[in-house]
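Contents: one structure, followed by commentary.
What's counted below: heavy atoms across the whole structure, side chains too, no hydrogens, waters or symmetry copies. A note on names: the letters A, B, ... follow the listed sequences, proteins ahead of strands, and every chain is numbered from 1.
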Number of protein chains: 2
Amino acid sequence: MAVTVKDVAKAAGVSTATVSRVINDDPRISEKTRKRVLECIEKLGYRVNNIARSLKTSKSYTVGFVSPELTNDFFMGIAKGVETELRKHGYNIIVCNSNENVDEERDRIKLLCEKCVDGIILIPSSGKGSHLNEFKDAGIPIVLVDRLVSEFETDAVLVDNINGSYSAIEYLINQGHRRIAFIGGNVEITTAFERYEGYLRALRDYRIQPEKEIIKFGDFHVDSGYDLMKELMEMNNPPQHVFISNYFMHVGAIKYLLENKESIKVQVSIAGFDDMELSSILGLCNVRVAQPIVKIGRRAAQLILSKINHEEAEFPQILRLKTELKIESKV
Amino acid sequence: MAVTVKDVAKAAGVSTATVSRVINDDPRISEKTRKRVLECIEKLGYRVNNIARSLKTSKSYTVGFVSPELTNDFFMGIAKGVETELRKHGYNIIVCNSNENVDEERDRIKLLCEKCVDGIILIPSSGKGSHLNEFKDAGIPIVLVDRLVSEFETDAVLVDNINGSYSAIEYLINQGHRRIAFIGGNVEITTAFERYEGYLRALRDYRIQPEKEIIKFGDFHVDSGYDLMKELMEMNNPPQHVFISNYFMHVGAIKYLLENKESIKVQVSIAGFDDMELSSILGLCNVRVAQPIVKIGRRAAQLILSKINHEEAEFPQILRLKTELKIESKV
DNA sequence: ATCTGTTATGCACACGATTACATATGTAGT
DNA sequence: ACTACATATGTAATCGTGTGCATAACAGAT
């Protein structure tokens, strides 16, 4: 059915080896035959079969990308960076949704191994990583993104969460605020823990005693941000400044504020992590810790490429990218 | 290096054919040898090489998913539906970003063909489709999603945009409003055209003369929504009701309204297409035409599966999914 | 004419699995 | 004992490429 090198070879009156060499730009082929072969390829509409090629070369030019969720601009921003960078090198990504579930995560990785991907970029769905050791002997390089996991060591691209939080809190303190509430994610996730750590560190450095009642932990989702903001606002003495360490929680918090404008006794200002399309329009968040989202993806791609090509500098390697503090001056 | 059927066969004292049959659940294998083979598979840590399998069976169990953008919850909601459905049948998706660019779209599809994907699900990046004909002879089924294109016929999963718009406008009219502005996308894109058509049709059915000055077209992006809302609000006689036929434009429009609260003379209510996580929190949009986003993906997956398996009922087939009108009662 | 070296091409096997066909074994019926 | 048939397994070809090795063709030097 499909046109193969064999057909091209026959048409051009050469061997399949020659055709293969033409396809792969082997310089030893004479201009004359190269031209003839290329003509036949064109005429017959030949297209290389990458499955066969992969079998022969043991390179699939495909990497797996496993994300806890697909409808999430943060994760997909990373995916975008990964795709853009890998595409330059002829790679594609197989995208899998782990549904924030360790079992599904394992399942997807297993399938990716069986598909012989050249590497895997994983945004872990939890803080645990023991199940990842099962795949060590498959010899497929893995790069973690955004979060680290326990019981599994590998390269990773992360953000400097501690100093990200720190800088935002420091800014607020310098503005004269001393009672700053905190809404964060589950501290078993490294990202959440580090952002909390940055908050605490800034308070300590400025000799401010953390106030337990205004420090709340949830799960990085919209509803959680909503609920925790509600808790804060229903206190007798609600805080006027809240640092929220995740974009989605921040959206949820603002949702609560907008829905309950009348009943809230104080005016609240929000500082938050991430600077997404919608962060600015919500108007209630004028201090933001921006992550270089697409760059995270790019770096992860570069890292996996160098592992695939065994340019192992000093692995395991952990890249920490800096955040940027964005202040929106109230007009 | 890696363990192959050969190794397993040797270890179990059988031929590779037998091992292959065990792997593929061939019922002709005796319980005794099946057990022995499975033990050896376990012991050696054998994992099937899907590249080799694909070469032999000409099935890659992979489909391509080409989207104009990755950081877009609408497109990724579709991707999620696709992934979920295909996963059940053992398929994976290679996700490509066409960057809303026809040339890149063609480029990605070409690569997908060379990777021997079993099918392609495409969210077209423009209204043109002539370049898709190049891939007809590759024999790889294609399913379009969300939009149709000119000069190329194939199956598609779409939304009933006309009646979606219609129902929203009809609702507003029944509420007593007669001056309803329209902000829409480029009418060369079928989706945008149909939503405009629904708007017009509703006005006509209720004997309302469309008013050119309050009908605006942009490009389905946030900035465009912002600009067009600005145009409307800067009119001498700004409309009080605006129907915005796309989620991102709707976000941009609200951004403008929030930023310019003081200078806007009228109170504006917005009706919009799509019902996303953030639609509700913005509070300014209480009438929404909800698309069954994940279901669109599911159906596209089912369609591509039936084409792959040649269960061609009566192709080309166009599925139109119904929208749902969501009214948020102002409390 | 012979040798050396370079360049261009072909032969044939391998990658790791599937599968049509052949064969071996067992069982039962006549 | 012979045939008939079902069951279980093996043999070997095949999918479409890439590539080590062999070889052919030719030029230039001796």
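- Among the heavy atoms of the strands lying under 4.0 Å from B:Val14 are primed sugar atoms or P, OP1, OP2 only; no base atom is included.
- A:Arg47 comes within contact range of the sugar-phosphate backbone alone, with a heavy-atom separation under 4.0 Å but no base atom that close.
- Considering only side-chain N and O atoms, A:Ser20 lies under 4.0 angstrom from the phosphate OP1 or OP2 of D:dG18.
- D:dG16 atom C1' lies 14 Å from atom NZ of A:Lys10, rounded to whole Å.
- Between the CG atom of A:Asn49 and the P atom of D:dG16 there is a distance of 7 Å, rounded to whole Å.
- The residue among B:Thr57 and B:Arg36 whose nearest nucleotide of DNA chain D is located toward the 5' end is B:Arg36.
- The phosphate of D:dT9 has OP1 or OP2 within less than 4.0 Å of a side-chain N or O from B:Thr33.
- In this structure, B:Thr18 does not reach the D:dT9 phosphate: none of its side-chain N or O atoms is under 4.0 Å from OP1 or OP2.
- Separating the CD1 atom of B:Ile51 from the C1' atom of C:dT18 is a distance of 16 Å, rounded to the nearest angstrom.
- In this structure, CG of A:Asn50 is placed 14 Å from P of D:dG16, rounded to the nearest angstrom.
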Which parts of nucleotides 20-28 of chain D does protein reach within less than 4.0 Å, heavy atoms only, written one letter per nucleotide 5' to 3' as B for base, S for sugar-phosphate only and - for none?
BB-------

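- Inspection of the B:Thr62 and B:Asn92 side chains reveals no N or O donor paired with an N or O acceptor under 3.5 Å.
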Pair B:Ile78, B:Lys295 - check side-chain contact (heavy atoms from CB on, under 4.5 Å), show working.
CA-CA 7 Å; B:Ile78 294 174; B:Lys295 189 172 170 188; over 6 Å; no

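- For the pair A:Ser20 (side chain) and A:Thr16 (backbone), a donor-acceptor distance under 3.5 Å is absent.
- Residue B:Ser30 has no polar side-chain atom (N or O) positioned under 4.0 Å from OP1 or OP2 of D:dT7.
- In this model, no donor atom of one side chain and acceptor atom of the other lie less than 3.5 Å apart for B:Ser125 and B:Glu100.
- The side chain of B:Ser15 places an N or O atom within less than 4.0 Å of a non-bridging phosphate oxygen (OP1 or OP2) of D:dG10.
- Without hydrogens or angle criteria, A:Asn49 side chain to A:Ile51 main chain gives a donor-acceptor distance under 3.5 Å.
- The interatomic distance linking A:Arg34 (CZ) with C:dT9 (P) rounds to 10 Å, in whole Å.
- In this structure, the CD atom of A:Glu114 is 13 Å from the C1' atom of C:dA17, given to the nearest Å.
- For A:Phe75, there are no ring-ring contact (aromatic ring centres under 6.0 Å, His included) partners two or more places apart in sequence or in a different chain.
- A donor atom on one side chain and an acceptor atom on the other are not found under 3.5 Å apart for B:Asn161 and B:Thr191.
- Of the candidate nucleotides C:dC11, C:dA14, C:dA17, C:dA14 has the atom lying nearest to any side-chain atom of A:Lys56.
- For the pair A:Leu55 CG and C:dC15 C1', the interatomic distance rounds to 4 Å; values are reported in whole Å.
- With hydrogens and angles left out, the side-chain atoms of B:His89 and B:Gln302 include no donor and acceptor closer than 3.5 Å.
- One interatomic measurement links the two molecules: CZ of B:Arg53 to C1' of C:dC15, which rounds to 16 Å at whole-angstrom precision.
- Phosphate contact (OP1/OP2 of D:dG18, side-chain N/O of A:Asn24, threshold under 4.0 Å): present.
- For D:dT17, the OP1/OP2 oxygens have no side-chain nitrogen or oxygen of A:Thr16 closer than 4.0 Å.
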